[in-house]
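Structure first, commentary second.
Chain naming here is simple, since letters A, B, ... match the order of the sequence lines and numbering starts at 1 in each.
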Amino acid sequence: MSLAVLLALPFAGSALAALLPAHARTTAASFAALVALACAVGVGFQFPEVRDGGVLRESWAWMPGLGIAFTLRLDGFAWMFAMLVTGIGTLVAVYARYYMSPADPVPRFFALFLAFMGAMLGVVLAGDLVVLAFFWELTSLVSFLLIGYWHHRADARRGARMAFVVTGAGGLCLLAGLLVLGHIAGSYDLDHVLAAGGRIRAHELYPAALALVLLGAFTKSAQFPFHFWLPHAMAAPTPVSAYLHSATMVKAGVFLLARLWPVLAGTEAWFWTVTLAGATTLLVCAYLAMFQRDLKGLLAYSTLSHLGLITLLLGLNSPLAAVAAVFHVMNHATFKASLFMAAGIVDHETGTRDTRRLSGLFRAMPITGTLALVASAAMAGVPLLNGFLSKEMFFAETVFVAAHPGVEVALPVVATLAGAFAVVYALRFSVGIFFGPAASDLPRPAHEPVRWMRLPIELLVAACLVVGIAPAWSIGPTLAAAARPVVGGTLPDYSLAIWHGLNAPLAMSVIALALGFLAWHALAPRLARGELALAPILGPWDGQRAFTRTLAALARGSGSVLRLAGTTRLQSQLAWIVVTAIGVSLVVFADQAFGWGDRPRVPVEPAFALMWVVGVACALGAAVQAKFHRLAALMMLAGAGLVTCLTFAWFSAPDLALTQLAVEAVTTVLMLLGLRWLPKRLPERAKPATWRVHGRHLRDFLLAVASGAGLAGLSFAMLTRPSSQSISPYFLEHAQPGGGGANVVNVILVDFRAFDTMGEITVLAAVALTVYALLRRFRPPRESIDPPQQQQALPADLVTDLGSTRDAGDTAVGYLVVPGVLARLVLPIALVVAIHLFLRGHNQPGGGFVAGLVVAIALIAQYMVAGTRWVEMRLDPHPARWIAAGLAIVVATGLGALAFAHPFLTSHTAHLDLPLVGTVHLPSAFFFDLGVFATVVGSTLLVLVALAHQSIRAPADEAGG
Amino acid sequence: MEVVVSLAIGALGGSGVWLVLRPRSFQVLLGLSLLSYAVNLFIFSMGSLSIDAEPIVVAGRVGDLLHYTDPMPQALVLTAIVIGFAMTALCLVVLLAFRGFAGSDHVDGAPDSRDHDDGSRA
């Protein structure tokens with residue numbers, strides 16, 4: 001099976017599982033287990049390829065410009081991890097079938113479960129640093145969703161969030177660290193990076209890369225001081241804990257440390273950081289585990305402690321220790337997964353996980369009890385079980401480490417102590433709950449689980465025994481294949497035997513077992529009475545509290561920055577934007593001479609100057625009058641707009657002039673419609689302004705003058721310089737032969753840059769729909785409803801809504817009759833003009849935009865003079881259908897090019913020979929422009945009609961809000 | 001002509017900035033319209049001011065910028081005019097909806113309380 005298929009299989013399975021019906025527990029579980037099994041078998045068959053140091057590679061270009069490829073890579077170490085991920089995955093899937101309640105949405109669980117498996121396989125198989133970081137983040141994300149699976153529980157949500165914040169932040173550090181590594185190595189390819197170890201360790205950026213990578217690894221593997229998230233993640237369903245939080249995801253951190261061991265290890269910095277973090281976690285968490293009351297909490301802290309052990313081994317800079325670390329990864333995964341499952345069974349069958357209430361379960365569940373006993377013994381490091389072997393290797397490493405004298409003494413002591421603690425918590429988990437007096441107050445009477453729920457544990461415990469009794473025969477080849485890449489290709493000498501003679505490690509084991517047994521004997525009665533709820537000395541120190549405080553402080557800090565630097569007032573925001581714009585322009589021009597160019601001037605024509613005297617007067621007048629004389633200001637705005645329009649016409653832009661004219665009309669109608677709903681504002685109501693207001697006026701006036709002067713100066717400076725070379729000659733040359741049209745502006749819009757235009761009309765349509773949606777809920781305020789005086793108190797038989805529609809009787813008869821008739825006469829003429837503009841648009845000024853606006857104006861004129869009701873009784877324009885049709889035509893035209901194997905929106909000109917008409921050139925851009933036309937008509941009408949409809953609505957208080 | 005066009009852009013832009021900084025929503029709306037005139041004219045004039053040189057291809061005339069005015073700024077501005085209309089419409093409707101919601105046509109719903117007046121300043 002190819003690596004890509006292996007990786008894709010869980011994700012495909014995840015998508016399928018998500019589609020299963022909510023109660024399909026057995027189907028979903030069997031499906032997930034089969035997918036996992038298929039992956040496991042697929043991985044298993046690759047063993048011969050990687051057994052002797054071979055490496056399988058598959059690579060696809062991903063971001064070649066950045067030197068990043070989607071590379072998958074399988075060597076012995078990755079194979080071992082992939083086996084763990086898929087093998088334990090299969091067992092957990094079977095187990096979860098019986099663990100999950102029928103009330104849980106099980107397909108979601110298995111979909112996430114398979115997605116996690118895929119993400120974890122991605123981490124393991126990644127052959128490129130960026131791919132590794134990608135899947136790494138994916139495991140954090142899916143783990144978040146899995147921990148929060150029971151999202152109705154507050155502890156699940158909190159635990160999920162904490163795990164995500166810690167591992168996610170670590171993931172970002174890791175990404176940065178991996179990028180630095182790739183930068184030093186000159187490639188993100190894992191093989192290149194692994195080969196560049198010496199260069200990386202000597203590089204000046206090595207400390208930074210090391211710190212960042214370690215942050216990523218320590219957060220993921222919950223190493224001190226980031227260990228606090230793992231116990232909180234125990235709010236997850238137990239299968240998740242068994243899978244993610246013992247066997248796979250938390251191992252991703254140590255996986256990374258081992259993966260990059262040949263690159264990063266071997267320095268003082270590595271030794272001190274990694275060893276210290278590992279040793280602290282090992283000791284502190286083993287200590288805390290002894291005092292846990294919750295079975296899963298106990299296992300969580302013990303997991304932390306074992307992860308610390310692996311980290312410590314990797315930190316020792318010794319190949320033999322690295323081999324031991326790899327070995328312990330496998331052993332820990334087998335016994336800890338089975339212990340979690342056993343804890344889940346106890347929880348499932350008795351209804352509690354509280355060690356104070358659980359006691360004497362062996363009589364009720366002898367088989368589960370036996371399995372848990374064996375697995376706990378493996379955890380405690382009892383001979384003839386797999387845990388013993390890797391622990392012996394660990395003890396040996398601590399004894400024979402050559403380093404600072406202090407370390408040489410301290411490490412064996414720490415190791416023995418942690419070993420004794422491990423014995424205590426293992427005894428509490430096994431003997432403490434399975435022996436002693438039978439518990440009487442259990443929520444449910446204890447009994448054995450169904451056969452299939454126990455099967456995964458039986459298999460795992462069998463593995464513990466087989467490895468423990470015949471290690472060289474059972475696990476030897478796998479360990480050799482897995483450890484070889486970690487230590488850089490050459491395996492050190494080691495012996496996988498149970499008996500190494502009477503030596504220091506054996507003595508440490510005996511001491512740890514004896515000490516642990518004594519301590520348990522002393523502690524157990526006190527713990528059973530409910531004493532020592534918090535572990536002495538270290539108990540009160542709580543990582544979670546530090547975490548919450550940090551988050552709260554961050555939120556407070558950003559809050560005060562926001563209060564200091566932010567404002568919710570629009571005027572201040574706009575003022576700062578203007579100030580920034582002026583400031584940036586000043587900075588830009590500060591170090592270069594600002595002056596006029598020497599391009600030949602266009603001679604001034606008095607008419608044009610006079611026109612702009614009017615235009616500027618209009619603009620200034622609008623600025624002054626906009627507060628109290630809105631209608632006057634609106635008319636002056638239109639005046640300035642018309643002068644702008646004439647300017648376009650003057651300087652050879654007929655298309656712009658046409659469009660501006662049409663838009664000007666539409667905008668004026670729009671604002672007139674809106675004006676009605678604004679509150680009255682009369683000058684005599686104004687009170688004397690305060691000094692604060694005067695100050696703001698002065699500030700705004702200065703800003704306005706500065707920006708006006710700046711704009712004028714900039715324009716003049718630009719206009720008097722020769723224009724630079726542009727890409728326009730291309731358009732001018734190719735408009736006719738390539739686009740089939742003489743009007744270059746139109747050809748640019750519908751052909752050269754058709755994709756932009758498509759985006760633009762989509763925006764237009766979106767705005768129209770937004771306006772419609774906003775106005776649907778809008779009810780005009782009552783004060784704006786009363787009809788004006790001239791429309792009040794008139795006959796009853798009039799069909800119009802120009803006045804008050806709630807009482808048609810008071811509307812004037814004959815109101816606007818003459819303009820109404822004229823507007824109706826103009827309608828067909830306007831439509832002909834629009835068709836004319838549309839048809840000639842490709843060769844002469846015109847086109848879809850302006851034609852659409854003309855149609856919209858003609859229709860809206862009917863609304864204005866005859867009233868909404870009158871028009872819609874006779875003609876319903878259905879603006880939304882115009883929009884839909886227009887966008888559909890545009891997209892269909894674009895897709896049409898695909899049918900002829902050209903890129904999207906490629907245009908083509910057909911030559912048709914029609915009878916009577918002669919030869920017609922029909923470019924595909926014609927249809928595109930038709931779509932533009934329809935969209936513009938629909939959008940404009942939708943906006944204006946939605947506004948017009950306000951006048952026939954009940955006021956806000958009558959509509960009930 | 002350059003002087004006239006520059007002064008026009010400056011006057012439109014200055015009036016627009018003044019209005020945009022006003023507290024009443026209708027003023028802001030007019031300000032945005034004036035600003036868009038100024039900006040459209042500015043972009044348009046970057047293609048140089050040519051008289052009687054429409055970018056409509058005539059047979060026999062060389063297709064370069066000496067014989068035609070630059071069509072590209074025109075295409076950009078044409079798009080900008082239509083989008084400007086859409087933006088004006090959206091602003092107007094948001095303004096109306098907000099007016100119904102806040103019961104006032106102040107851009108922030110109510111004048112700054114530190115001004116200590118009844119909100120009727122210009």
| Contacting moiety of L675(A), where chain B heavy atoms sit under 4.5 Å | side chain
| Minimum side-chain heavy-atom gap F731(A)-M72(B) below 4.5 Å | yes
| field | Sidechain-backbone polar pair: Y37(B) side chain, V643(A) backbone, donor-acceptor under 3.5 Å | value | no
| remark: Taking every heavy atom of N843(A) against every heavy atom of A742(A), the minimum-distance pair comes out as OD1-N, 2.9 Å
| No-hydrogen, no-angle side-chain donor-acceptor test under 3.5 Å, N743(A) and D655(A) | yes
| query | Quick one: what part of T568(A) sits under 4.5 Å from any heavy atom of chain B, side chain, backbone, both or neither? | reply | backbone
| said: Under 4.5 Å from any heavy atom of chain B, what part of V602(A) do you find: side chain, backbone, both or neither? | reply: both
| field | Among the listed options L703(A), L634(A), V705(A), V604(A), the residue most often paired with chain B at heavy-atom distances under 4.5 Å | value | V604(A)
| field | Sidechain-backbone polar pair: T659(A) side chain, V850(A) backbone, donor-acceptor under 3.5 Å | value | no
| task | Check each atom of I748(A) against the heavy atoms of chain B and say whether the ones under 4.5 Å are side chain, backbone, both or neither. | result | side chain
| task | Find the one option among A709(A), G641(A), A766(A), A633(A) whose heavy-atom pairs under 4.5 Å with chain B are most numerous. | result | G641(A)
| task | Between chain A and each of V28(B), L92(B), T69(B), count heavy-atom pairs under 4.5 Å; write down the option with the most. | result | L92(B)
| field | F701(A) versus chain B, the contacting section by heavy-atom distance below 4.5 Å | value | both
| message | In the structure I gave you, are the side-chain heavy atoms of R22(B) and K627(A) within less than 4.5 Å of one another anywhere? | response | no
| remark: From the list G674(A), G708(A), A717(A), the residue making the most non-hydrogen contacts under 4.5 Å with chain B is G708(A)
| task | Go through L570(A), L656(A), V771(A) and name the one with the most non-hydrogen pairs under 4.5 angstrom from chain B. | result | L656(A)
| message | At a heavy-atom distance under 4.5 Å, which candidate from L7(B), V77(B), V39(B) has the highest pair count against chain A? | response | V77(B)
| task | Just do the side chain to side chain donor-acceptor pair (under 3.5 Å) check on S715(A) and S6(B) with the steps written out, would you? | result | CA-CA 5 Å; S715(A) 308; S6(B) 312; 5.1 Å; no
| message | For L30(B), which atoms come within 4.5 Å of any heavy atom of chain A: side chain, backbone, both, or neither? | response | both
| query | Quick one: of A59(B), G13(B), S15(B), who has the most non-hydrogen atom pairs under 4.5 Å with chain A? | reply | S15(B)
| request: For residues R696(A) and D700(A), determine if any side-chain heavy atom of one lies less than 4.5 Å from a side-chain heavy atom of the other. | output: yes
| Side-chain contact, heavy-atom cut-off 4.5 Å: H106(B) with R569(A)? | yes
| task | Give a yes or no answer on whether the side chain of Q27(B) reaches the backbone of Q625(A) with a donor-acceptor pair at less than 3.5 Å. | result | no
| said: Is the ring pair F44(B)/F648(A) parallel, tilted or perpendicular, if the boundaries are 30 and 60 degrees? | reply: perpendicular
| message | Under a 4.5 Å cutoff for heavy-atom pairs, which residue among L12(B), T79(B), L41(B) has the most contacts with chain A? | response | T79(B)
| query | So, the side chain of S36(B) versus the backbone of G84(B): is there a donor-acceptor pair under 3.5 Å, distance only? | reply | no
| said: As an exercise: rank A653(A), S707(A), G741(A) by heavy-atom pairs under 4.5 Å with chain B and give me the winner. | reply: A653(A)
| Note, Y68(B) side chain near R61(B) side chain (heavy atom, < 4.5 Å) | yes
| message | Looking only at heavy atoms and a cut-off of under 4.5 Å, which of T644(A), V624(A), L658(A) has the most pairs with chain B? | response | T644(A)
| said: For T647(A) and W612(A): C-alpha separation, side-chain torsions, deciding distance, then whether side chain to side chain donor-acceptor pair (under 3.5 Å) applies. | reply: CA-CA 9 Å; T647(A) 309; W612(A) 267 110; 3.0 Å; yes
| request: Give, as side chain, backbone, both or neither, the part of V3(B) having an atom under 4.5 angstrom from any heavy atom of chain A. | output: both
| field | Contacting moiety of F849(A), where chain B heavy atoms sit under 4.5 Å | value | side chain
| chain A heavy atoms under 4.5 Å from L34(B): which part of the residue, side chain, backbone, both or neither? | both
| said: Please identify, among P73(B), G31(B), S45(B), the residue contributing the most non-hydrogen atom pairs under 4.5 Å to chain A. | reply: S45(B)
| remark: Turns out that what part of R599(A) lies under 4.5 Å from chain B's heavy atoms comes down to side chain
| Side chain, backbone, both or neither: which part of Q573(A) has a heavy atom under 4.5 Å from chain B? | neither
| query | Using non-hydrogen atoms only, which part of A609(A) is less than 4.5 Å away from chain B: side chain, backbone, both, or neither? | reply | both
| request: Could you tell me which of I9(B), V17(B), V5(B), L21(B) has the largest number of non-hydrogen atom pairs under 4.5 Å with chain A? | output: L21(B)
